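Let me begin by presenting the structure, written as structure tokens, before commenting on it.
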2 protein chains.
Amino acid sequence: MGYASDVDEVATAIADPVRRHILTLLRDEPLAAGDIARRFTISRPAISRHLRVLRESGLVRDELVGRQRIYRLDPGPLSPLVDWLAGLVTTERWERHLDALETEVYRTRRERRSSGPAEHRREHTA
Amino acid sequence: MGYASDVDEVATAIADPVRRHILTLLRDEPLAAGDIARRFTISRPAISRHLRVLRESGLVRDELVGRQRIYRLDPGPLSPLVDWLAGLVTTERWERHLDALETEVYRTRRERRSSGPAEHRREHTA
DNA sequence: CGGAAGCGTAACCCATAAGTTACGGGTTTG
DNA sequence: CAAACCCGTAACTTATGGGTTACGCTTCCG
């Protein structure tokens with residue numbers, strides 16, 4: 001429980017195209033803030049703020065090396081969001097069928113008492 | 001190619017907590033606009049606009065039934081985003097080596113024309 | 001040690017997004 | 001057919017977000 005705010009921060013972080021592009025850059029290799037900024041047309045402070053959002057979401061970790069700040073990707077915080085997405089796609093239909101199935105089972109149970117509830121695997125898997 | 005804008009629309013749609021909650025409601029069963037609005041404290045027009053965003057992102061399909069508009073989830077448009085996320089987590093390290101490998105292949109190709117690109121596994125993996 | 005390099009932050013501007021109330025069009029119903 | 005219902009849209013207000021310039025701190029280097 002309480003994942004909601006995590007999902008929210010990560011989802012917000014991912015919602016911006018610039019931040020998504022930063023993440024894809026960081027996917028390949030760690031980069032200094034300036035190296036990242038140089039790949040965009042927008043100003044360096046703008047990138048700096050995007051990096052802060054990413055940092056606060058946990059998607060990125062930073063390390064000071066000399067006078068430059070190295071950023072590297074940390075995909076861990078994606079998990080709650082990915083789980084949420086997975087939950088959306090998988091149980092969508094399914095659950096309704098399970099409900100229907102369950103209802104059916106109960107109804108049948110009530111009607112003909114004392115009949116073992118076997119033979120219920122392998123419905124329409126398609 | 002061109003998935004970028006799809007990802008953007010879906011990512012934006014998902015970024016809002018109200019819209020995420022609407023999606024989870026629709027995961028279990030189709031709902032009329034009013035039924036959805038009734039589960040929130042904000043006004044009905046506000047929900048109506050959230051529904052429009054979801055509609056335009058393709059995450060939701062609507063059908064007019066009498067005087068009410070039934071919304072149902074369509075998780076299809078999530079795929080590009082999910083793919084992008086998957087790409088982030090899996091190929092994180094890895095890809096660098098592939099890139100290096102590929103570059104090496106191209107370089108070699110240019111140098112010695114018409115020589116098949118074999119023998120290139122196991123460069124400096126460190 | 002003084003200047004340049006590298007970054008983050010502050011202050012500000014502008015566009016967009018989210019909320020509200022008011023309204024209008026289509027549909028059911030008495 | 002008039003009233004009630006369901007729902008989207010318009011007009012408007014306010015909050016939020018992303019961009020810019022100006023500035024300050026720390027670190028490297030001559």
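Below, chain A is the first sequence line, B the second, and so on; all start at residue 1. From a predicted model like this one, the values you see are computed outputs, not experimental measurements. Atom set for the values below is all heavy atoms of this structure, side chains included, hydrogens, waters and symmetry mates excluded.
- A close approach under 4.0 Å does occur between a side-chain nitrogen or oxygen of B/Arg19 and OP1 or OP2 of C/dA18.
- If you take CG of B/Asp16 and P of D/dG17, they are 11 Å apart, rounded to a whole angstrom.
- Among the heavy atoms of the strands lying under 4.0 Å from A/Ala33 are primed sugar atoms or P, OP1, OP2 only; no base atom is included.
- When rounded to the nearest whole Å, the span between CD1 of A/Ile36 and P of C/dG6 equals 14 Å.
- Residues B/Pro80 and B/Pro77 come closest through the heavy atom pair CD-O, 3.2 Å.
- Contact check, A/Arg49 against D/dG19: no side-chain N or O comes under 4.0 Å of OP1 or OP2.
- Looking only at side-chain heavy atoms (C-beta outward), B/Leu85 and A/Ile14 come within less than 4.5 Å of each other.
- The nearest whole Å value for the distance from the CD atom in B/Glu63 to the P atom in D/dC7 is 13 Å.
- Of the candidate nucleotides C/dC7, D/dT20, C/dG6, C/dG6 has the atom nearest to the side chain of A/Arg67.
- At least one side-chain nitrogen or oxygen of B/His50 sits closer than 4.0 Å to the OP1 or OP2 atom of C/dG19.
- In terms of modelled atom types and a separation under 3.5 Å, the side chain of A/Arg72 and the main chain of A/Asp62 share no donor-acceptor contact.
- When each of A/Gly66 and B/Ile70 is assigned the nucleotide of DNA chain D bearing its nearest heavy atom, the one mapping closer to the 5' terminus is B/Ile70.
- Pairing each heavy atom of A/Trp84 with each of B/Arg20, the nearest pair is CZ2-O, 3.5 Å.
- Contact annotation for A/Ala32: backbone-only contact, meaning every heavy-atom pair under 4.0 Å involves sugar-phosphate atoms and none involves a base.
- Atom CG of B/Leu64 and atom P of D/dC6 are 15 Å apart (whole Å).
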Residues 48-57 of chain A side chain polar contacts: donor-acceptor under 3.5 Å, at least two apart:
from	atom 1	to	atom 2	distance (Å)
A/His50	ND1	A/Arg19	NH1	3.1
A/Arg55	NH2	A/Tyr71	OH	3.2
A/Ser57	OG	A/Leu54	O	2.8
A/Ser57	OG	A/Leu59	N	3.3

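- Heavy-atom distances to DNA chain C give each of A/Ile47 and B/Ile47 a nearest nucleotide, and the one nearer the 5′ end belongs to A/Ile47.
- Side-chain N/O atoms of A/Arg44 include none lying less than 4.0 angstrom from OP1 or OP2 on C/dC7.
- Listed here is the closest heavy atom pair of B/Arg39 and B/Asp35: CG-O, 3.2 Å.
- One atom, CZ of A/Arg69, and another, P of D/dC25, lie 16 Å apart when rounded to the nearest Å.
- In this model, the phosphate group of C/dG6 is not approached by any side-chain N or O of A/Tyr71 to a distance below 4.0 Å at OP1 or OP2.
- Going from atom CG of B/Asp35 over to atom P of D/dG8 covers 12 Å, rounded to whole Å.
- Between D/dG18, C/dG19, D/dT9, one nucleotide has an atom nearer to the side chain of B/Ala46 than all others, and that is C/dG19.
- Computed from coordinates, the A/Leu54 CG to C/dC7 P distance equals 16 Å when rounded to whole Å.
- Checking C/dG19, C/dC7, C/dA22 against every side-chain atom of B/Pro45, the shortest atom distance belongs to C/dA22.
- Atom P of nucleotide C/dG6 and atom CG of A/Leu31 are separated by 14 Å, given to the nearest angstrom.
- Distances shown here put a side-chain N or O of A/Gln68 below 4.0 Å from the OP1 or OP2 atom of C/dC7.
- One finds a side-chain N or O of A/Ser43 lying less than 4.0 angstrom from the OP1 or OP2 phosphate oxygen of D/dT20.
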